[in-house]
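These numbers were taken from a predicted model, which means no experiment stands behind them. In what follows, chains carry the letters A, B, and so on, assigned in the order in which the sequence lines appear, proteins first and then strands, with residues in each chain numbered from 1.
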Amino acid sequence: MELASKYNPSDVEGKWYQYWLDNKLFSSKPDGREPYTIVIPPPNVTGVLHMGHMLNNTIQDILIRRARMQGKNALWVPGTDHASIATEAKVVKKLAAEGIKKHDLTREQFLEHAWAWTHEHGGIILKQLRRLGASCDWDRTAFTMDDVRSESVTRVFVDLYRKGYIYRDLRMVNWDPKALTALSTEEVIYKEEKSHLFHLKYYVEGLTTLDNEQQLLDEGNTIHRDDRGYYAVVATTRPETIMGDTAMCINPKDPKNQWLKGRKVIVPLVGRVIPVIEDRYVDIEFGTGCLKVTPAHDVNDYMLGKTHNLETIDIFNADATISDESPLYVGMDRMDCRRQIAKDLEAAGLMERVEDYTNKVGYSERNPDTAIEPRLSLQWFLRMQHFAEIALRPVMEGEMHFYPQKYVNTYKNWLENIQDWCISRQLWWGHRIPAFFYPVIATVTAADAKEALKLAREKSFNRDLKASDLRRADDGDTWTFDMEEFVVAPSLDEALPLARQQSGRPDMQAADLRQDEDALDTWFSSWLWPVSLFDGIRQPGNAEISYYYPTSDLVTGPDIIFFWVARMIMAGEEYMHTFPFKNVYFTGIVRDKLGRKMSKSLGNSPDPIDLIDRFGADGVRMGMMLSAPAGNDILFDEALCEQGRNFNNKIWNAFRLVKGWDVADTPQPEAAQQATQWFAAKLRIAAEELADDFAKYRLSEALMTVYRLFWDDFCSWYLEMVKPAYADGKPLPMDRATYDATLAFFDTLLKMLHPFMPFITEELWQALYDRQPGESIMHAQLNVEPATDADRDRVAAFDEAAQIIAAVRNTRTQRNIPPRQALTLNIVGGDAAKELPFAQAIAKMANLDAIETVATKAPASASFLVGTTEYAVPLGALIDVDAERAKLQAELQRLEAFLQGIAKKLQNERFVSNAPAAVVEMERKKQADAEQKIAAIREAIAAL
RNA sequence: GUCGGCAUAGCUCAGCUGGUUAGAGUAUCACCUUGACAUGGUGGGGGUCCUUGGUUCGAGUCCAAGUGUCGACACCA
């Protein structure tokens with residue numbers, strides 16, 4: 001067989017992936033074997049592969065392939081996420097480019113566009129994963145909005161509603177004014193920002209003179225006054241919200257502001273008179289201690305509003321332009337308004353001063369340029385207390401393991417301070433909330449119109465309700481108005497009888513029901529993923545869910561520990577009564593080699609497919625894994641892919657060497673026999689190390705273990721030791737015993753490498769022996785005998801031999817003796833009857849013509865110590881006595897310093913009496929060895 | 001602000017319950033091309049284990065404080 005001297009990945013990768021597909025080698029069905037399951041963290045359906053996916057999916061593939069080769073029934077389930085906000089935003093943008101506004105379309109029309117977009121762009125990422133070698137069972141590819149998953153989501157919603165965990169309420173939510181939807185607290189990202197703190201003048205109403213001004217000043221009040229009168233100073237970063245001010249608040253214990261108690265102040269520009277209220281919430285130290293209260297636009301102000309029964313004026317529209325509730329700036333964008341009002345306040349002399357200020361502003365995770373706006377709105381919530389409790393247990397009790405473990409703390413912390421989950425989103429792309437509304441005429445009882453309106457608004461959650469919407473009944477105290485009530489059911493068909501019953505109107509028709517317009521948070525479907533993939537919601541206890549659940553490992557980023565991991569544990573415990581995965585492996589964030597996050601604007605994010613084209617999938621996989629300890633950020637450097645590619649080339653060339661040998665039925669040379677025995681032992685020990693690395697999820701170390709085993713032990717040592725000699729410019733044939741052993745070693749090595757580098761290992765494994773059609777390394781079993789003590793002894797003995805070889809080579813290098821010039825090795829003062837282990841191998845590797853035991857070495861020798869044995873290489877005329885002496889002197893000095901340290905330790909009585917006997921004994925042995933070495937070196941120097 | 005992680009060779013990281021002269025990969029330097037591979041071979045150099053104090057016969061490892069750094073959470077008018 002002719003093989004190119006360089007490995008070319010593109011020749012083999014596509015071929016073998018197709019072979020795996022054609023032979024259904026990724027597929028899994030429940031059977032009698034132990035299952036090993038991974039569910040993919042579903043990437044956004046319209047996403048494209050980035051470096052984070054590369055890392056994440058490489059790890060999953062390594063774990064899956066390893067499990068498969070251990071004889072487990074390995075299943076990796078792929079799929080995509082509908083990513084409601086992200087996808088809807090993309091579709092809206094695309095439509096906008098075509099001049100179509102979302103709200104000019106009906107829901108159905110919009111969804112048609114969204115599905116078209118999904119079908120066009122969807123699944124690209126899954127195709128890209130194939131280039132990486134991902135061994136997913138593609139026949140099972142799922143989508144969070146396919147029929148099974150959608151129905152599961154709906155059922156879960158209905159179930160949780162009936163269990164009383166889901167409720168509807170008017171709350172201050174994080175509003176994304178661009179996407180026009182509420183967000184959960186986890187979807188808000190706070191960024192520090194340079195802004196301004198505006199100090200505004202709120203004149204005190206009707207106060208022209210303060211009789212006891214001096215006394216108040218003496219008591220510590222800070223009183224502001226100008227020719228227009230007395231005023232309070234309020235510091236704010238958001239002057240545009242003053243139109244919504246309905247109070248000013250001071251801390252009752254604030255000595256600076258006692259004079260304002262019980263007064264009323266005038267909102268600047270607006271002219272509205274608002275009360276001064278008192279609440280301990282106000283921080284005395286901050287600013288002037290005067291806080292403007294805008295209940296509609298700040299979470300804390302909202303609380304104050306509730307406590308103090310304040311009016312709520314919502315001055316923003318949903319898109320954060322100024323609403324007609326505001327007396328000023330109607331229709332203006334909030335940011336423009338901030339600039340304008342600052343100017344106007346300045347011009348009106350109502351701005352005392354402006355200072356620079358750094359504060360944190362929340363931004364939408366999905367629209368990173370859009371500052372979120374706290375907004376009162378009616379949303380659906382999931383009560384989290386129960387879920388926090390059931391999700392904490394399996395992690396704290398060690399049923400589930402996190403790698404790295406530090407995330408247990410993060411997890412615990414979040415669960416213990418959990419807030420209810422806002423699950424509704426004002427989007428169309430997603431799972432529509434299965435709540436069905438029907439109109440009713442409601443009543444409230446109140447003595448006057450104002451009270452009635454307030455009660456009616458509370459009852460209907462409708463802040464837009466106006467006094468004219470209320471109808472007073474004849475008795476005077478009863479008011480009626482139109483509102484809606486709802487039922488929750490999986491479908492319209494099931495909703496109708498419920499609604500008839502609930503309303504007491506048996507004549508109600510389907511057309512009378514109106515389904516909630518909102519969709520559910522994307523994570524409300526993702527949290528069911530490990531269950532819904534096996535249809536465990538719709539068909540509890542089915543064969544698949546019973547077999548594959550709980551899954552084995554989850555591989556994901558720590559950034560979604562709350563969004564996703566925690567919630568999957570909740571859903572798993574709720575619906576399966578047990579945790580969804582045994583182990584969670586948190587990967588780090590992929591950064592560039594300077595430690596910066598990958599971003600489009602920095603242009604430091606390589607295209608994974610381009611990398612695969614250049615280095616091969618195996619090379620890139622190795623590049624990812626080389627620097628990826630669990631949980632640490634990985635600093636990605638193309639140089640690592642290069643290293644991966646080089647390793648592929650090394651494997652390839654080792655194969656070329658082995659397959660190039662001629663075989664003959666000749667006796668096995670002693671050196672080769674020693675080498676095979678040693679490598680067999682080394683292989684068994686390495687396999688144990690590898691297993692240990694995997695057991696601890698130290699995958700980059702596992703890779704390094706195999707890397708060194710292959711390159712150093714197999715190529716640099718073993719192959720060199722067994723390589724046939726040359727005669728007449730041609731290699732001699734190799735004996736069959738060594739050849740067979742070498743092929744067997746190669747076979748095992750390929751299997752150990754396969755999870756990391758699936759393509760090249762398949763290519764070579766297929767070529768190593770004759771294989772059956774449809775056979776694959778993927779399903780070959782990695783069975784390596786356990787290592788024995790004899791193996792460890794042999795490996796230790798070889799380490800000494802390797803040191804001797806290195807020392808002889810060093811002797812050559814330092815004296816410019818060519819490798820081809822054979823040398824003789826003397827074992828000085830040794831027992832002539834005792835054979836040096838690996839003598840033949842040493843002779844071959846160090847190019848020695850003889851190894852002799854001598855009583856005293858030749859005077860013109862280079863000498864060195866391995867262990868406590870002195871070795872010498874007679875150099876004859878090649879000797880440089882001065883250089884030799886200098887070398888020995890340096891070694892002597894080093895050893896003497898070392899000996900001194902030990903002697904000091906051993907002279908310390910407290911050490912001798914306190915340290916364990918074994919430790920003291922070890923020190924004594926070190927001392928004796930060092931003394932022996934020193935004596936040997938002294939002799940060597942004298943002999944020169 | 002609260003809590004947590006980390007700090008070891010130029011770089012990226014191992015180093016377990018304290019006990020050989022602190023390791024690996026990579027980079028770097030020198031030498032080496034007829035014989036699998038220059039995407040290679042052989043050999044070398046390179047460390048005040050962040051600082052200070054403590055515990056101990058003994059500290060990279062344990063404790064405390066400090067410095068730096070990263071992260072989570074909370075508040076921020």
Take Phe746(A) and Phe710(A) through the test ring pair (Phe, Tyr, Trp, His ring centres under 6.0 Å) and record every step on the way to the result.
CA-CA 9 Å; Phe746(A) 216 126; Phe710(A) 193 92; 5.7 Å; yes
On RNA chain B, does the nearest nucleotide to Phe562(A) precede the nearest nucleotide to Ser5(A) from the 5' side, or the other way round? Give the residue.
Ser5(A)
Once you apply a heavy-atom cut-off of 4.0 Å, does Val282(A) come out as touching a base, just sugar-phosphate, or nothing?
base
Applying a 4.0 Å non-hydrogen cut-off, can you work out what Lys925(A) is touching in the nucleic acid: base, sugar-phosphate, or nothing?
nothing
Tyr357(A) OH to C76(B) P, straight-line distance once rounded to whole Å:
9 Å
For the pair Asp929(A) and Lys925(A), evaluate salt bridge (Lys or Arg N to Asp or Glu O under 4.0 Å) and give the outcome as yes or no after the intermediate values.
CA-CA 6 Å; Asp929(A) 287 356; Lys925(A) 184 170 185 314; 3.1 Å; yes
Can a donor-acceptor pair be found, under 3.5 Å and without considering hydrogens, that links the side chain of Ser716(A) to the backbone of Trp711(A)?
yes
Check: Met598(A) main-chain N/O paired with Asp592(A) side-chain donor or acceptor under 3.5 Å:
no
Looking only at side chains, do Arg645(A) and Asn648(A) share a donor and an acceptor under 3.5 Å apart?
no
Just to be sure I understand the rule, does Lys360(A) reach a base, reach only the sugar-phosphate, or reach nothing, if contact means heavy atoms closer than 4.0 Å?
base
Describe, in one word, how the ring planes of Tyr871(A) and Phe864(A) are oriented to each other, choosing from parallel (under 30°), tilted (30 to 60°) and perpendicular (over 60°).
parallel
Would you say Glu352(A) and Tyr231(A) are linked by a side-chain donor-acceptor pair, where the criterion is simply a distance under 3.5 Å?
yes
Does Tyr411(A) put a side-chain nitrogen or oxygen below 4.0 Å from OP1 or OP2 of C73(B)?
no
Under the side chain to side chain contact (heavy atoms under 4.5 Å, CB included) rule, what do His199(A) and Val234(A) come out as? Steps first, then yes or no, please.
CA-CA 5 Å; His199(A) 289 71; Val234(A) 171; over 6 Å; no
What's the CG-C1' distance between Asp637(A) and U26(B), to the nearest Å?
10 Å
Roughly how far apart, to the nearest Å, are A24(B) and G19(B) at atom C1'?
22 Å
At under 4.0 Å between heavy atoms, what does Asn413(A) touch on the DNA or RNA strands: base, sugar-phosphate, or nothing?
nothing
Protein-to-nucleotide contact annotation, 5' to 3' order, nucleotides 11-22 of chain B [B base; S sugar-phosphate only; - none; under 4.0 Å, heavy atom]
-SSSS---BSB-
What residue pairs, at least two apart or across chains, pass salt bridge (Lys or Arg N to Asp or Glu O under 4.0 Å) with a residue in residues 237-252 of chain A?
Arg238(A)-Glu240(A), Arg238(A)-Glu373(A), Glu240(A)-Arg338(A), Asp245(A)-Lys292(A)
How far, in whole Å, is U20(B) from A59(B) if one measures between their C1' atoms?
16 Å
Could you give the CD-to-C1' distance, from Gln419(A) to A74(B), as a whole number of Å?
10 Å
Quick check for you: to the nearest 0.5 Å, what is the distance between Asp254(A) atom CG and Ile284(A) atom CD1?
4.5 Å
With rounding to the closest Å, how many angstrom separate the C1' atoms on A7(B) and G43(B)?
33 Å
Whether Asn604(A) side chain and Lys597(A) backbone form a donor-acceptor pair below 3.5 Å
yes
Which value, in whole Å, describes the distance between the C1' atoms of nucleotides G5(B) and U52(B)?
22 Å
In this structure, which stretches of RNA chain B are paired as stems of three or more consecutive Watson-Crick or G-U pairs, both distances less than 3.5 Å?
B:1-7 with B:67-73, B:10-13 with B:23-26, B:28-32 with B:40-44, B:50-54 with B:62-66
So how far is it from Lys6(A) NZ to Asn646(A) CG, rounded to the nearest 0.5 Å?
10.0 Å
A9(B) to G4(B) separation - C1' atoms, rounded to the nearest Å:
29 Å
Who pairs with His308(A) by ring pair (Phe, Tyr, Trp, His ring centres under 6.0 Å), at least two apart in sequence or on another chain?
none
Taking atom P in both U21(B) and A65(B), what distance in whole Å separates the two?
32 Å
Less than 4.5 Å apart, any side-chain heavy atom of Asp279(A) and any of Val293(A)?
no
Using the C1' atom as the point on both nucleotides, what is the distance between C76(B) and G15(B), in whole Å?
43 Å
Looking only at side chains, do Asn413(A) and Asn417(A) share a donor and an acceptor under 3.5 Å apart?
yes
Give me the distance, rounded to whole Å, that separates U42(B) from U55(B) when you measure between the C1' atoms they each carry.
48 Å
Any residue of residues 805-823 of chain A with a heavy atom less than 4.0 Å from an atom of RNA chain B
Ala806(A), Arg809(A), Asn810(A), Arg820(A)
Base, sugar-phosphate or nothing for Phe198(A)? Non-hydrogen atoms, less than 4.0 Å.
nothing
d(CH2, Trp652(A); P, A38(B)) in whole Å
15 Å
As a test of reading the structure: which of A36(B), C75(B), A24(B) is closest to the side chain of Asn300(A), going by heavy atoms?
C75(B)
Ignoring backbone atoms, test whether Tyr726(A) places a side-chain nitrogen or oxygen under 4.0 Å from the OP1 or OP2 oxygen of A36(B).
yes
Could you go over nucleotides 39-41 of chain B and give all protein N or O partners under 3.5 Å, atom names and distances?
| residue | atom | partner | partner atom | Å |
| --- | --- | --- | --- | --- |
| U39(B) | O4' | Asn646(A) | OD1 | 3.0 |
| U39(B) | O2' | Asn649(A) | ND2 | 3.3 |
| U39(B) | O2 | Asn646(A) | OD1 | 3.3 |
| G40(B) | OP1 | Asn646(A) | ND2 | 3.4 |
| G40(B) | O3' | Lys650(A) | NZ | 3.3 |
| G41(B) | OP1 | Lys650(A) | NZ | 3.1 |
| G41(B) | OP1 | Trp711(A) | NE1 | 2.6 |

With a non-hydrogen cut-off below 4.0 angstrom, is Tyr281(A) in contact with a base, only sugar-phosphate, or nothing?
sugar-phosphate
At under 4.0 Å between heavy atoms, what does Phe615(A) touch on the DNA or RNA strands: base, sugar-phosphate, or nothing?
nothing
Main-chain N/O of Lys593(A) paired with Asp637(A) side-chain donor or acceptor, under 3.5 Å:
no
Nearest whole Å is fine: how far is C73(B) C1' from Lys406(A) NZ?
15 Å
